[in-house]
> 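For reference, the structure I am asking about is given below.
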Amino acid sequence: MALQEPREAAPGQHGKQPGTTGSNTPQATAAPQEPPAPHWAMLPIILIGTFVITLDVFIVNVAIPATQRDLHAGSSAVEFIVAGYALAYAAGLITGGRLGDLYGRRRMFLIGVALFTLSSAWAGSAPTAGQLVAARVAQGLASALMGPQVLAIIGTVYSGPARIRAFNAFGLTMGLAGVFGQLIGGVLIHLDIAGLSWRTCFLVNVPIGVAALVFAPRVVPESKAQGKSRLDPLGMLLVSAGLVAVVLPLAEGQQKGWPEWTWVCLAVSPVLLALFALYQRRLAAADRGPLVNPALFRQRSFTVGVSTALVYYSGMASFFLVLALYLQQGCGLSALDSGLVFLPLGVGFLGVSLTAKQIAAVLGRQTLAVGALVLTAGLIGLYAAVEHIGTQGEVAWLVPGLLVGGAGMAMVMAPLATVALAGTDPRYAGAASGVLSTANQVGGAIGVALVGVVFYHVLGNGTGPDAYADAFRASVYLLVPFALGVAALVQLFPRPPKKAPTS
């Protein structure tokens, strides 16, 4: 969404026109040189990283049944095929962002792409479930190195309206990968290319990664934080341990019946994260290069943006999960048919994304709030449709709710990064991107855990396939407050500065 970017007065220009002194005497000043425009292919190349990272979160869901049969994987291995990727990704994002600030964002992006490509080839050729789990963890770590660089490069290379368009493209790419992830996976498994079945869901990343490695060095400029700084090993350890202590029990607790270790982890996690925050303040006060500079959170747009992302993705990650469970296990649809049901969601998302500029011109930052309310209307429509058809009726009744829900998602996802990262100090672009992406992942884990408790509780108390319809409708009672929470948080964003009158 094309939202207006906050502007700040340049140093030395408070109340004076450029090229004048206090006595209004014209001065001969050299015109500042504009930085060269980025190559037209740069944005598509770096957005490849965003696409495959998001795709691999969702595409694996439809590959699990065939994977389990082929590799004779137990329930624990299956869980970690899904959770291992998300866990490694969430734990490494902040560190990955800071590595880009220190050692070069293009360099870290290329290393991340190379590692992601290799680990995808490993996953697609894994002979055992254990090797597949290890490959998925490697994919997650590579994604954590690659992902934050995309937002950081956009924030440092583009400016003004071009930056807003680039952030919109980022939101569109992530949304389309999430919405169509199941459909892409279903099509690949259905085609069964060369008899590879589920393996193509991972091997499809290899040619994409190779293409990115060939072209990115030619079109993506290098950038890094200015000044001397150094890595923060203790900060990396504290934040990674704290995030693992949050995400691991949330990802595994429901399936394992919430054993004692999950509660211990959840109790320890705030202590570790508090120690991390205190240590970062100490490093910043001594000017010793913290992993995440506390100055980031003194900017209200960033703090509110991270909070909004946490709440939004808490709802969205769980929505995709419970809808897929309802369609495949409740309605008995195949992976391909289930993916096709998601198509109206993508149509609504894409249709509104293409009119982003016009919508934002009217609504401004309230685009996010209106989008959250539209999403709420879509969820209510899906609730009514599922109540009507149960698990035996025609799934075409879901189409209106999916179209409206997809439109609402587009109005939130596209501008969220724009308003959260607008005005961020370029020195901390990578770290800020890592924090925002971490909020997405942690929010997803929290949402899946909370909504999963409700879904499986209702499912356990029900009988027959219709129990899935009851469980889905019960989940909507939690999904709606998440969407309404986004609309409320948007009101905390700072108002954009008024344009000065021109003579």
> Supply the atom-to-atom distance Leu368 CG to Thr418 OG1, rounded to the nearest 0.5 angstrom.
9.0 Å
> Determine whether Leu379 and Phe319 satisfy the following criterion, side-chain contact (heavy atoms from CB on, under 4.5 Å), listing intermediate values before the conclusion.
CA-CA 9 Å; Leu379 291 171; Phe319 167 74; 3.8 Å; yes
> For Leu489 and Ser307, which heavy atoms make the closest approach, and how far apart are they?
CD1-O, 3.8 Å
> Could you give me the CA-CA distance, side-chain angles and deciding distance for Leu343 and Phe180, then say whether side-chain contact (heavy atoms from CB on, under 4.5 Å) is met?
CA-CA 7 Å; Leu343 191 58; Phe180 291 113; 3.3 Å; yes
> Using a 3.5 Å distance criterion without hydrogens, assess whether the side chain of Asp101 forms a donor-acceptor pair with backbone atoms of Gly430.
yes
> In terms of the angle between their ring planes, are Phe116 and Tyr85 parallel, tilted or perpendicular, with boundaries placed at 30° and 60°?
perpendicular
> Between CD of Gln149 and OG1 of Thr50, what distance do you get to the nearest 0.5 Å?
11.0 Å
> For the residue pair Leu183 and Phe342, establish whether any side-chain heavy-atom pair is separated by less than 4.5 Å.
no
> Are any non-hydrogen side-chain atoms of Phe297 and Phe302 less than 4.5 angstrom apart?
yes
> Is NZ or CZ of Arg365 both nearer than 6.0 Å to the six-membered ring centre of Phe493 and within 45° of the ring axis?
no
> With ring-ring contact (aromatic ring centres under 6.0 Å, His included) as the test, would you mind laying out the steps for Tyr312 and Phe482 before giving the verdict?
CA-CA 6 Å; Tyr312 174 73; Phe482 281 130; over 10 Å; no
> Taking the side chain as everything from C-beta on, heavy atoms only, tell me whether Ser314 gets closer than 4.5 Å to Val311.
no
> How many angstroms lie between atom CE of Met146 and atom CZ of Phe109, to the nearest 0.5 angstrom?
6.5 Å
> Do Met411 and Ile359 make a side-chain contact, defined as non-hydrogen atoms from C-beta onward lying under 4.5 Å apart?
yes
> Any idea which heavy atoms bring Ala487 and Ala372 closest together, and the distance?
N-CB, 3.8 Å
> Could you pull out the closest heavy-atom pair between Leu55 and Gly181, with the gap in Å?
CD1-CA, 3.7 Å
> With the side chain counted from C-beta on, respond yes when Phe215 and Met42 share a heavy-atom pair under 4.5 Å apart, and no when they do not.
no
> Take Arg288 and Asp232 through the salt bridge (Lys or Arg N to Asp or Glu O under 4.0 Å) test and state the conclusion after the steps.
CA-CA 9 Å; Arg288 291 172 54 196; Asp232 174 14; over 6 Å; no
> Under the side-chain contact (heavy atoms from CB on, under 4.5 Å) test against Val150, which residue among Ile45, Ile48, Ile46 passes?
Ile46
> Does any non-hydrogen side-chain atom of Trp122 lie less than 4.5 Å from one of Gln139?
no
> Quick one: do the Tyr89 and Ser437 side chains pair a donor with an acceptor below 3.5 Å?
no
> Among residues at least two apart in sequence or on other chains, which ones pass side-chain hydrogen bond (donor to acceptor under 3.5 Å, both in side chains) with Tyr313?
none
> Tell me whether Arg98 contacts the main-chain N or O of Ala431 through its side chain, where contact means a donor paired with an acceptor under 3.5 Å.
no
> Could you walk me through whether Leu273 and Val246 pass the side-chain contact (heavy atoms from CB on, under 4.5 Å) test, one step at a time?
CA-CA 10 Å; Leu273 294 175; Val246 173; 4.3 Å; yes
> Spell out, as yes or no, whether a donor-acceptor pair under 3.5 Å connects the side chain of Arg199 to the backbone of Ala126.
yes
> Quick check: closest heavy atoms across Leu43 and Ala169, and the distance to 0.1 Å?
CD2-CB, 3.9 Å
> Pick from Ile94, Leu151, Leu296, Leu93: which one makes a side-chain contact (heavy atoms from CB on, under 4.5 Å) with Leu436?
Leu151
> Could you pull out the closest heavy-atom pair between Val352 and Ala407, with the gap in Å?
CG2-CB, 3.3 Å
> Taking the side chain from Thr156 and the backbone from Ile153, do they hold a donor-acceptor pair closer than 3.5 Å?
yes
> At what distance, to the nearest 0.5 angstrom, does CG of Leu345 lie from CG of Leu323?
8.0 Å
> Taking the side chain as every heavy atom from C-beta outward, state whether Phe51 and Met174 have any atom pair closer than 4.5 Å.
no
> What distance separates Arg105 CZ from Leu110 CG, expressed to the nearest 0.5 Å?
14.5 Å
> Donor-acceptor pair, distance only, cut-off 3.5 Å: does the side chain of Thr54 make one with the backbone of Gly178?
no
> Heavy-atom distance under 4.5 Å between the side chains of Leu450 and Ser318, does that happen here?
no
> With a 3.5 Å cut-off and no angle check, do the side chains of Gln280 and Asn293 form a donor-acceptor pair?
no
> Of all the heavy-atom pairs spanning Glu222 and Arg106, show the shortest one and how long it is.
OE1-N, 2.9 Å
> Could you walk me through whether Gln441 and Leu243 satisfy the side-chain contact (heavy atoms from CB on, under 4.5 Å) test, starting with their C-alpha distance in whole Å, then the side-chain angles of each, then the deciding distance to 0.1 Å, before giving a yes or no?
CA-CA 10 Å; Gln441 298 304 310; Leu243 290 171; over 6 Å; no
